[in-house]
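See structure below.
In what follows, chains carry the letters A, B, and so on, assigned in the order in which the sequence lines appear, proteins first and then strands, with residues in each chain numbered from 1.
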There are 2 protein chains.
Amino acid sequence: MKKIKKYHQIQEYIKKRIQTQKYPPDSYLPSENEFCVQFGTTRTTVRKALDELLKEGFIAKEQGKGSKVLERGKYLGLLSVKGFSGSTDYKVKTRVTVEPKVVEWDPIIGFPLSEDEKSSKCVYFQRVRYIDDKPVVLENNWYALNALEPIRSEEFVEGSFFKTLSQEYLIEIMGAEQELRSVPASGDIAKKLGIAVGAPILHISIRFRTSRPHLNLYGDLYCNTTEYPIRNSYFL
Amino acid sequence: MKKIKKYHQIQEYIKKRIQTQKYPPDSYLPSENEFCVQFGTTRTTVRKALDELLKEGFIAKEQGKGSKVLERGKYLGLLSVKGFSGSTDYKVKTRVTVEPKVVEWDPIIGFPLSEDEKSSKCVYFQRVRYIDDKPVVLENNWYALNALEPIRSEEFVEGSFFKTLSQEYLIEIMGAEQELRSVPASGDIAKKLGIAVGAPILHISIRFRTSRPHLNLYGDLYCNTTEYPIRNSYFL
DNA sequence: AAGTGGTCTAGACCACGCG
DNA sequence: GCGTGGTCTAGACCACTTT
């Protein structure tokens with residue numbers, strides 16, 4: 001028998017409505033007092049729920065105005081290519097170069113797999129990111145088939161895999177671990193990124209942790225950083 | 001006339017005692033009820049103060065036991081060389097190769113300087129990080145002379161510049177922005193890191209924001225990632 | 001002036017860790 | 001069993017934004 005925490009119920013209720021766009025980005029949530037009436041509780045408890053959503057990056061609070069729904073992911077402190085998701089100075093495009101398909105795990109993945117994952121096949125897909133019509137990042141992705149079905153790229157919400165996870169599956173990215181290396185471009189990579197063989201490129205291995213138990217997303221990225229460096233900021 | 005928030009006073013009081021090691025790392029803080037008596041307030045307020053310190057990474061809470069003082073910096077999600085600050089699998093050493101000295105700003109710094117900073121000279125020093133007696137990272141650092149006096153490297157607390165800032169000056173790192181590039185090693189860098197000229201190395205430009213107004217720390221790092229990749233994790 | 005979120009009080013009971 | 005932190009109630013007053 002598990003104790004249900006009231007603030008957690010409220011938190012999950014609001015989170016679900018944000019994920020399914022019932023509270024769309026940039027709109028304001030109902031006021032704290034309205035939630036108090038709705039859930040038959042006090043402001044302390046409602047505020048605790050909102051504080052959690054604040055920490056998770058779903059909302060921002062504005063004194064005297066209300067709690068505003070954020071587009072999540074923007075404020076995650078993820079590594080991002082300079083200019084990506086920034087102002088429209090750059091034309092950014094993503095092309096799926098290998099459709100999601102079921103394959104065996106690739107030993108190139110830079111993290112040890114769990115027993116759960118090893119016992120399953122995996123879904124693989126590949127994308128290339130363009131800035132100003134030049135290929136800048138080659139990105140391989142994998143996840144365990146027994147944790148999430150294959151999703152066809154035409155079904156990606158606004159072309160984004162992460163947005164699809166959030167809005168269609170209510171799965172959120174909880175964190176990630178990365179390893180960064182500076183390496184010479186192999187012939188294959190060089191061709192796909194349109195650079196010289198042996199040119200220095202940034203290799204990134206990522207493991208994303210998600211809110212769904214046992215579901216990790218693995219990434220293997222190759223970035224041409226000569227014109228567009230990788231950016232990262234983090235604040236307390 | 002500014003309103004003084006009680007929880008903020010308590011927060012700063014405890015923070016100062018942690019920074020000056022009156023509450024040393026790994027020890028437990030006085031209980032919430034003891035703080036209530038000490039400051040003549042209620043648990044709600046004391047808990048708010050502790051929650052802030054939790055978010056800033058100064059303490060960890062353990063239900064049923066107490067609030068434990070953490071060694072700050074360890075849990076900041078900063079980029080770190082694999083093995084650095086981890087278990088003692090690796091022998092890690094830092095050598096100051098250029099003593100802190102007052103110089104003009106170097107145009108190599110990857111961020112625009114504020115007017116305040118430009119109007120001042122700056123303090124520069126250089127360090128090399130070794131793992132297993134092999135040089136792995138070459139690190140240049142700058143900060144504005146009008147924001148902080150030069151600190152001689154013999155005075156570094158436990159050889160660490162950041163620990164010195166925290167314990168001697170009560171200055172904390174609040175966040176950072178980075179730009180990462182994969183570049184070929186120049187002759188100078190190659191020699192200092194003991195690698196071939198033109199070998200791919202990871203170049204990182206950093207701006208650290210601190211709790212002291214107008215004080216930023218700038219970094220320009222060159223990392224040989226062939227044996228020891230750079231690691232980074234972040235969690236919500 | 002009305003409504004919002006921010007701070008604070010003075011309690012209560014619960015869940016966890018340890019002796 | 002006792003002390004710790006975790007959750008929750010039912011209020012109050014303040015600071016900020018908008019009408």
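For B/Arg95, the CZ atom sits in a loose shell: 12 or fewer heavy atoms of surrounding residues, nucleotides or ligands are nearer than 6.0 Å. For B/Lys5, the NZ atom counts as loosely surrounded, since its 6.0 Å shell holds 12 or fewer non-hydrogen atoms of other residues, nucleotides or ligands.
Going from atom NZ of B/Lys48 over to atom C1' of C/dC8 covers 12 Å, rounded to whole Å. Rounded to whole Å, atom C1' of D/dT9 lies 9 Å from atom NZ of A/Lys6. If you measure from atom CG of B/Leu50 to atom C1' of C/dT7, you get 16 Å, rounded to the nearest angstrom. Rounded to whole Å, atom P of D/dG5 lies 13 Å from atom CG of B/Leu53. C/dA15 atom C1' lies 15 Å from atom CD1 of A/Ile4, rounded to whole Å. Nucleotide C/dG6 holds its P atom 10 Å from the NZ atom of B/Lys5, rounded to whole Å. Here the P atom of nucleotide D/dC8 and the CG atom of A/Asp51 are 13 Å apart, to the nearest Å. Look at CD1 on B/Ile59: it is 11 Å from C1' on D/dG5, rounded to the nearest Å.
By the salt bridge (Lys or Arg N to Asp or Glu O under 4.0 Å) test, B/Lys22 is found to be paired with no residue, residues two or more places apart in sequence or in another chain being considered. Shown here are the side chain to side chain contact (heavy atoms under 4.5 Å, CB included) partners of B/Glu158, two or more places apart in sequence or in another chain: B/Lys163. Remark: B/Tyr124 pairs with B/Trp142 by the ring-ring contact (aromatic ring centres under 6.0 Å, His included) rule, at least two apart or across chains.
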Side-chain donor-acceptor pairs of residues 168-177 of chain B under 3.5 Å, sequence neighbours excluded:
unit_1   : atom_1 : unit_2   : atom_2 : d
B/Tyr169 : OH     : B/Glu149 : OE2    : 2.9
B/Glu172 : OE1    : B/Arg72  : NH1    : 2.8
B/Glu172 : OE2    : B/Gln19  : NE2    : 2.5
B/Glu172 : OE2    : B/Ser166 : OG     : 2.7
B/Glu177 : OE1    : B/Arg207 : NH2    : 2.9
B/Glu177 : OE2    : B/Arg207 : NE     : 3.3
B/Glu177 : OE2    : B/Arg209 : NE     : 2.9
B/Glu177 : OE2    : B/Arg209 : NH2    : 3.2

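For the pair B/Arg47 and D/dG6, the criterion of a side-chain N or O lying under 4.0 Å from OP1 or OP2 is met. Residue B/Thr41 places no side-chain N or O under 4.0 Å from the OP1 or OP2 atom of C/dC8.
Here the straight-line distance linking atom CD of B/Glu227 with atom CZ of A/Arg181 works out to 10.5 Å at 0.5 Å rounding.
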Quiz item: Could you run down nucleotides 11-19 of chain D 5' to 3' and tag each one B, S or - for protein heavy-atom contact under 4.0 Å?
Solution: -B--BBSS-
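Contact check of residues 26-39 of chain A against DNA chain D (heavy atom, cut-off under 4.0 Å) returns no residues at all.
At least one donor-acceptor pair under 3.5 Å links the side chain of B/Trp105 to the backbone N or O of B/Glu117.
The pair A/Glu52-A/Lys48 counts as a salt bridge, with a side-chain nitrogen and a carboxylate oxygen less than 4.0 angstrom apart.
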